[in-house]
Amino acid sequence: MMRLKPRFTFLSPWTAALGCIGMLPVLSIMLTLPHRVHGESLMAGIPPSLSSIVVKNGLPDPPSNPPPNGQREPGGSLSGEIASCPVLPVPLTAITPPDVHGQTLSEQPTFWFYIPYSSENVKVGEFSILTRDETQEVYRQPFYLPETPGLMSIQLSADDENLLQEGLYYHWYLTLYCGEPTHGADLSSYDADAIANEVPDLTIHGWVQRVADTPERQSQIAGGASDVWYDAIAYLAEQLQKPSQGGHDIQAQWEALLNEAELNQLVDKPIVGSVVVHDAEDAREGDR
């Protein structure tokens with residue numbers, strides 16, 4: 001009768017000793033790692049084969065350069081409930097590259113969005129900009145939507161306190177409130193204190209970095225190149241709104257830039273213009 005060989009064999013004393021010696025580098029690494037803090041770990045410099053046995057600590061990863069990706073389209077209601085904003089074939093979309101990063105030469109850049117809603121659907125919106133570490137709010141602007149959905153812009157005001165500094169990254173957010181307030185906020189007149197307790201129905205966010213103004217970058221903007229994204233989009237959109245200057249070349253550059261950013265579904269959407277900022281009461285009344 002054939003005898004099956006055992007799947008496991010006992011190690012000889014010499015083999016066991018050599019195995020312990022082989023584990024010394026692993027033990028050395030484990031002993032020199034920081035103590036466990038909040039259940040996270042600093043894995044830099046640890047071979048992948050050893051990563052599963054290393055005790056983690058809670059030190060946050062250093063900020064990447066550039067920052068992490070943004071969110072070009074909303075992911076749904078932040079409250080966990082069904083969003084009050086209607087679900088449409090083409091959703092709220094930031095006019096940005098897929099990673100929602102872009103540069104600007106301007107202290108007060110213009111941001112463009114496709115907003116498929118009108119004043120009937122959205123009670124109020126907010127656009128805000130924070131520093132990279134989000135410890136300071138640089139800009140906040142409530143706004144209302146015009147009667148026609150489409151491509152809309154938001155431009156920072158010329159307030160000295162709201163200017164972007166050269167070389168820095170900023171994190172922007174666009175939020176829309178469509179449903180009835182749950183904490184008594186007066187959304188039609190923008191009660192800032194009350195709306196702070198409301199959860200927005202839709203949110204998208206991204207990054208802007210102000211860079212130095214150079215002749216090369218100015219030519220990139222005029223040529224519709226994506227290098228200085230926010231300024232190139234703003235320039236082409238402005239030209240398209242001027243019948244005397246919105247010729248075939250500008251339209252071709254517009255389409256090329258949107259296609260490059262994988263936004264070809266927005267090529268034929270109408271350019272509505274600026275949103276109605278909260279303090280423009282005359283414009284607000286005129287849209288009603």
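Values below: every heavy atom of this structure, side chains too, minus hydrogens, waters and symmetry copies. Heads up: numbering here begins at 1 and tracks the sequence.
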Spatial distance of atom CG (D201) from atom SG (C178) [nearest 0.5 Å]: 5.0 Å
Chi angles and distances behind the side chain to side chain donor-acceptor pair (under 3.5 Å) call for S226, E260: CA-CA 8 Å; S226 61; E260 180 182 346; 2.8 Å; yes
Side chain Y117, main chain P86, donor-acceptor under 3.5 Å: yes
Single-linkage hydrophobic cluster L266~W229, side-chain heavy atoms < 4.5 angstrom: yes
Exercise: identify the closest heavy-atom pair between L176 and F143: CD2-CZ, 4.0 Å
Nearest atoms (heavy-atom pairs only) where K123 meets Y144: O-CD2, 3.2 Å
Greater than 12 external heavy atoms within 6.0 Å of D133's CG: yes
Q218 vs D213, side chain to side chain donor-acceptor pair (under 3.5 Å): CA-CA, chis, key distance, verdict: CA-CA 7 Å; Q218 287 289 351; D213 191 346; 3.0 Å; yes
Steps toward side chain to side chain contact (heavy atoms under 4.5 Å, CB included) verdict (I154, F113): CA-CA 8 Å; I154 299 175; F113 304 91; 4.0 Å; yes
L130 reachable from V100 in the ILVMFWY side-chain graph, under 4.5 Å edges: no
Note, L174 side chain near T203 side chain (heavy atom, < 4.5 Å): no
ILVMFWY network linking L240 to L257, side-chain heavy atoms under 4.5 angstrom: yes
Check: H171 ring centre within less than 6.0 Å of Y173 ring centre: yes
Whether W207 and H101 hold their rings parallel, tilted or perpendicular, with breakpoints at 30° and 60°: tilted
Heavy-atom side-chain contact between V228 and Y235 under 4.5 Å: no
Heavy-atom pair of closest approach, residues P146 and M152: CD-SD, 3.7 Å
E134 atom CD, over 12 foreign heavy atoms within 6.0 Å: yes
Connected via hydrophobic side-chain network under 4.5 Å: V208 and V211: yes
Shortest non-hydrogen contact from I204 toward W172: O-CZ3, 3.7 Å
Rounded distance [0.5 Å steps], CZ in R72 versus NE2 in H205: 13.0 Å
Centroid separation Y230 to F111 less than 6.0 Å: yes
CD-CG distance between E107 and L163, expressed to the nearest 0.5 angstrom: 4.5 Å
Atom pair OG1/CD of T104 and E166 - distance to nearest 0.5 Å: 11.0 Å
With I233, the side-chain contact (heavy atoms from CB on, under 4.5 Å) member among T96, T110, L151, L258: L258
Residue pair L92 / P74: nearest heavy atoms and the distance that separates them: O-CD, 3.1 Å
Verify same cluster id: L105, L236 (apolar side-chain graph, 4.5 Å): yes
Sidechain-backbone polar pair: N121 side chain, S118 backbone, donor-acceptor under 3.5 Å: yes
Straight-line distance of D231 CG to R210 CZ, nearest 0.5 Å: 10.5 Å
Distance (rounded to the nearest 0.5 Å) between Q108 CD and Y139 OH: 9.5 Å
Taking every non-hydrogen atom, the tightest pair across Y170 and Q165: OH-N, 2.8 Å
I129 and R140, any side-chain heavy atoms less than 4.5 Å apart: no
Side chain to side chain contact (heavy atoms under 4.5 Å, CB included) assessment of I95 paired with L263: CA-CA 8 Å; I95 312 302; L263 293 172; 4.2 Å; yes
R217 backbone acceptor or donor facing S219 side chain under 3.5 Å: no
Full working for side chain to side chain contact (heavy atoms under 4.5 Å, CB included) between V276 and L145: CA-CA 6 Å; V276 183; L145 298 182; over 6 Å; no
Min side-chain heavy-atom separation V199-Y177 under 4.5 Å: no
